[in-house]
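Heavy-atom basis, side chains included; hydrogens, waters and symmetry copies ignored. The structure presented is a predicted model; accordingly, all values stated were derived computationally and were not measured.
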Amino acid sequence: MTQTEKAVLTKVPAITFGFWIIKILATTFGETAGDSVSMSWLGAATANASTSFWQNGYLIGTGLFGLILAVLVYAQIRASRFNAWLYWATIIASTTAGTTMADFATRSMGIGYPGGALVLLAAVLASLLVWRQVLGTVSVSSIHEPRAEVFYWLTITFSQTLGTALGDWIADGPLGYLGSAVIFGSLLALIALAWFRTSIDRVALFWAAFILTRPLGAVVGDFLDKPYAQGGLELSRVWATLVLGGAIVALILLVRQKAAPAEVREA
């Protein structure tokens, strides 16, 4: 397979500044959208929330978004080339599914934020380890075959779920939503500095940044829609979701995106 042929089959975007802006907005969107469905629409966070396991709002939300995610991942794998709209729709589906999944694990199953974060961190690391063992690399430039795509989306879904649990855990402490946003934003800035100023492995830095964008989006999303008494702005979850969705659509239209360069390997 030639470089040109692989470039066509690489179905993830090149890593640019615009990519990270859309990713952060997508994770924030996932938090408000997930909460809109599981907490507001399905009533998981209300006084009248069902005590039945199968009628749990977080579980139903996870099933709903999980189904959408599965359909979009299948479409992504079947696609012949990179499509920005399909890619970001799949990212958003993974982040909304991650929101409801993390809430179900930490709240409904009683694992708690620390337990949920540790279990999900282990899942992310295990996914990356198996991916590397099977294909020899976890670089996004290798996403030009179905097996790599399956590992990619599995790892992303675990990381989105981990980020939700981690963000909620830190924000639930003395730092609150804004303090937590500063912490996660600062960590991302340090990773960016390491990217430009050090020789630390670029693949490791990418995944560290990718994972950290999720708790940042989680705490920002919670800051927008949580009550004043809890340190939030108490904005409408639905309206916050619509505004964030509009911003994502605008950026996809305005920011030119192309497929990431393919990693070439000799047979």
Side-chain angles (χ1 to χ4, degrees), residues 1-20 22-24 26-27 30 65-98 101 119-164 191 195 199-214 217 252 255-267:
M1 185 176 288
T2 67
Q3 170 79 6
T4 301
E5 289 170 334
K6 282 192 174 183
V8 169
L9 293 176
T10 303
K11 290 177 279 183
V12 297
I15 309 305
T16 63
F17 181 71
F19 168 87
W20 291 114
I22 299 174
K23 173 61 168 62
I24 292 171
T27 59
F65 290 123
L67 177 61
I68 294 172
L69 174 62
V71 170
L72 288 172
V73 168
Y74 177 76
Q76 177 79 9
I77 293 173
R78 294 283 297 173
S80 61
R81 64 186 64 196
F82 170 67
N83 181 296
W85 295 103
L86 177 58
Y87 175 83
W88 287 112
T90 312
I91 287 288
I92 287 172
S94 73
T95 196
T96 48
M101 196 184 310
V119 168
L120 291 164
L121 175 60
V124 171
L125 295 177
S127 179
L128 288 169
L129 178 62
V130 174
W131 182 0
R132 184 175 178 84
Q133 288 292 106
V134 173
L135 297 180
T137 179
V138 294
S139 170
V140 296
S141 61
S142 69
I143 313 299
H144 50 67
E145 61 172 297
R147 287 189 305 170
E149 287 190 87
V150 170
F151 279 120
Y152 178 78
W153 289 110
L154 181 65
T155 303
I156 282 178
T157 301
F158 282 144
S159 74
Q160 306 282 35
T161 311
L162 166 64
T164 300
I191 292 174
W195 180 282
S199 58
I200 296 175
D201 183 75
R202 294 295 186 265
V203 175
L205 289 175
F206 167 80
W207 282 110
F210 197 97
I211 291 170
L212 281 172
T213 57
R214 183 62 186 100
I252 294 174
V255 177
R256 183 175 178 271
Q257 298 179 74
K258 59 182 181 179
E263 184 175 89
V264 178
R265 294 185 174 192
E266 298 297 332

Within the distance-only criterion (no hydrogens, no angle test), does the side chain of [X] pair as donor or acceptor with the backbone N or O of [Y] below 3.5 angstrom?
{"X": "T95", "Y": "I91", "answer": "no"}
{"X": "W207", "Y": "V138", "answer": "yes"}
{"X": "R214", "Y": "T161", "answer": "no"}
{"X": "S127", "Y": "A123", "answer": "no"}
{"X": "Q76", "Y": "K11", "answer": "yes"}

Could you check if a side-chain atom of [X] sits within less than 4.5 angstrom of a side-chain atom of [Y], using non-hydrogen atoms only?
{"X": "F65", "Y": "M101", "result": "no"}
{"X": "V71", "Y": "Y74", "result": "no"}
{"X": "W153", "Y": "L72", "result": "no"}

Knowing that exactly one of W20, W195, Y152 qualifies, which makes a ring pair (Phe, Tyr, Trp, His ring centres under 6.0 Å) with F206?
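Output: one option passes, namely W20.
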
Rounded to the nearest 0.5 Å, what separation is found between the [atom1] atom of [X] and the [atom2] atom of [Y]?
{"X": "I252", "Y": "Y87", "atom1": "CD1", "atom2": "OH", "answer": "11.0 Å"}
{"X": "L135", "Y": "E145", "atom1": "CG", "atom2": "CD", "answer": "5.0 Å"}
{"X": "I92", "Y": "I68", "atom1": "CD1", "atom2": "CD1", "answer": "11.5 Å"}
{"X": "S94", "Y": "L154", "atom1": "OG", "atom2": "CG", "answer": "11.0 Å"}
{"X": "L212", "Y": "L162", "atom1": "CG", "atom2": "CG", "answer": "9.0 Å"}
{"X": "I24", "Y": "F19", "atom1": "CD1", "atom2": "CZ", "answer": "10.0 Å"}

Identify the two heavy atoms, one from [X] and one from [Y], that lie closest to each other, and give their separation to 0.1 Å.
{"X": "A97", "Y": "G66", "answer": "CB-N, 4.2 Å"}
{"X": "I191", "Y": "A209", "answer": "CD1-N, 3.8 Å"}
{"X": "I77", "Y": "P146", "answer": "CG2-CB, 4.1 Å"}
{"X": "W88", "Y": "Q257", "answer": "NE1-OE1, 2.9 Å"}
{"X": "G217", "Y": "T27", "answer": "CA-OG1, 3.4 Å"}

Does R202 CZ have over 12 foreign heavy atoms under 6.0 Å away?
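It does: R202 CZ has more than 12 such atoms within range.
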
List the steps, then state whether side chain to side chain contact (heavy atoms under 4.5 Å, CB included) holds for W131 with L128.
CA-CA 5 Å; W131 182 0; L128 288 169; 4.0 Å; yes

Show the numbers, then the answer: is there a side chain to side chain contact (heavy atoms under 4.5 Å, CB included) between Q160 and T164?
CA-CA 6 Å; Q160 306 282 35; T164 300; 5.7 Å; no

